[in-house]
Protein chains: 2
Amino acid sequence: MVQLDKQQSTEEKILMAARQIFIDRGMDGARMQDIADAAGINKAMLHYYFRSKEKLYGTIVQHIMSNALPAMFDLLESDLKLKDKLKQFIINYLALIRANPFLPLFILNEMNRHPDKFVKWLPIKNLKVSRFSDQVNEAVSLKLIRPIEPKVLIMNMASMIVFPFIARPMMCVVLKMDKKYFDQLLSQREDHIIDFVISAIYYKN
Amino acid sequence: MVQLDKQQSTEEKILMAARQIFIDRGMDGARMQDIADAAGINKAMLHYYFRSKEKLYGTIVQHIMSNALPAMFDLLESDLKLKDKLKQFIINYLALIRANPFLPLFILNEMNRHPDKFVKWLPIKNLKVSRFSDQVNEAVSLKLIRPIEPKVLIMNMASMIVFPFIARPMMCVVLKMDKKYFDQLLSQREDHIIDFVISAIYYKN
DNA sequence: GTCTATATTGTGATAGAC
DNA sequence: GTCTATCACAATATAGAC
């Protein structure tokens, strides 16, 4: 059940409820009845405000993606020194995931399953990593860090940041950890990843 | 459409088709009609061989998981030296993913969405990492490698191995890589991850 | 704008002939 | 074992009163 506020408009209540249900169950698994229940209204109202399930879905996706992506890329293009930038990237990205732990799996899923319905909502124009790439390449040529392609570095960091959250149930079972212990590991994730990445690429640290 | 062979029994044709459809669309998105079409039969036959969609789903899951998991864990409990074991783990795991690139997302999805229907098929008994843990802890105490928890190391490696494959469409768009370039990066993944991990944990290498 | 009731379609499952 | 035809129900969507 979503946090409901009497001051919210019906439309806002629907959007909050729909966001939750879609993220939890995906486009295919989500039921309009469940969204209506979570919003505290009936099915007919959903269709009154949003003509169809697909339109509602599109609205949610647009809202999510316009917020989630740009925040990370602004940091990569900032003036921070490389090592500080890497640390801050890890910290900020983890904070984003922690605030929306079920978002990544939803995005990856829908991206693979309904790519056409999804890509058009991405704010692609603002996404650049040229400044970051220059920084990494320069550090490599100065022999400050080991040779690595900037995009591979981003890929490695993003993997270690996001994956444990989406693979949480799997890892708990497979590595035989109870949820409490696993959450404790996740809470230390900043330090673990920062140490790992810094050790991996810097000759001295 | 799945590769069909006249020598296959109807049951085998169903299983191959169902595996493909379930992996592509998940339990919720999969339609019995589509499975029947892909198998070249009609819906009634599905229910003749497997009483219900859920039973068919369970059969597929069981088959997939009984093959995918144990292979990795046998290696971790083998007698290989630590560094060789890490390299081989990365190589084998990547080979597994490459052979079934859409499997991980399916597993993560269903694990989150239908945990009860999923976990009971996991061969949990054979999954142990005590030998590997001892090896890592020993290397740490001998100051061969930097301090790290064994399960964090597995988590980091698994993340870097699996995530780029499931985030492929996302990364292509967000990092502005065409598929050809991204596939080239993926083909070098063994070396990239091995270098990264070895550099991250070994004091000298 | 909000509701109840209903239409319409999709989907899992079954009956029964062959 | 395989098929066609059909059921039963669930889910999206709409009609119409208030």
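A, B, ... follow the sequence lines: proteins, then strands. Residue 1 opens every chain.
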Next item on the list: Tell me, yes or no, whether the heavy-atom count around B/Y181 atom OH, taken from other residues, nucleotides or ligands under 6.0 Å, exceeds 12.
Entry: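 Result for OH/B/Y181: enclosed.
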Notebook entry, point to check: When you look at CZ of A/F182, are more than 12 heavy atoms from neighbouring residues, nucleotides or ligands closer to it than 6.0 Å?
Noted result: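 Above 12, so yes.
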Check: Taking the nucleotide of DNA chain D with the closest heavy atom to each, which residue, A/Q33 or B/M45, is nearer the 5' end?
Finding: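 This one resolves to B/M45.
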Next item on the list: Return the value, rounded to whole Å, for the distance between atom NZ of A/K43 and atom C1' of C/dC3.
Entry: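 Rounded to the whole Å, the gap is 13 Å.
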Next item on the list: Ignoring backbone atoms, establish whether B/S52 has a side-chain N or O less than 4.0 Å from OP1 or OP2 of C/dG12.
Entry: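 The answer is no; no side-chain N or O of B/S52 sits under 4.0 Å from OP1 or OP2.
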Nearest of [options] to any side-chain atom of [X]?
{"X": "A/H47", "options": "C/dG12, D/dT14, C/dT14", "result": "D/dT14"}
{"X": "B/M32", "options": "C/dC3, D/dC3, C/dG12", "result": "C/dG12"}
{"X": "A/R31", "options": "D/dT12, C/dT4, C/dA13", "result": "D/dT12"}
{"X": "B/N42", "options": "D/dC3, D/dT2, D/dA15", "result": "D/dC3"}
{"X": "A/R51", "options": "D/dA13, C/dA15, D/dT14", "result": "D/dT14"}

Using a 4.0 Å heavy-atom cut-off, does [X] contact any base of the nucleic acid, only the sugar-phosphate backbone, or nothing at all?
{"X": "B/Y48", "value": "base"}
{"X": "A/A30", "value": "sugar-phosphate"}
{"X": "B/F50", "value": "nothing"}

Item checked: Between A/D84 and A/Q88, a side-chain donor and acceptor under 3.5 Å ->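 On atom types as modelled, these side chains do not qualify, holding no pair under 3.5 Å.
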Note to self: A cation-pi test, strictly: NZ or CZ of B/K83 under 6.0 Å from the centre of the six-membered ring of B/Y202 and no more than 45 degrees from its axis. Yes or no?
What the structure shows: yes
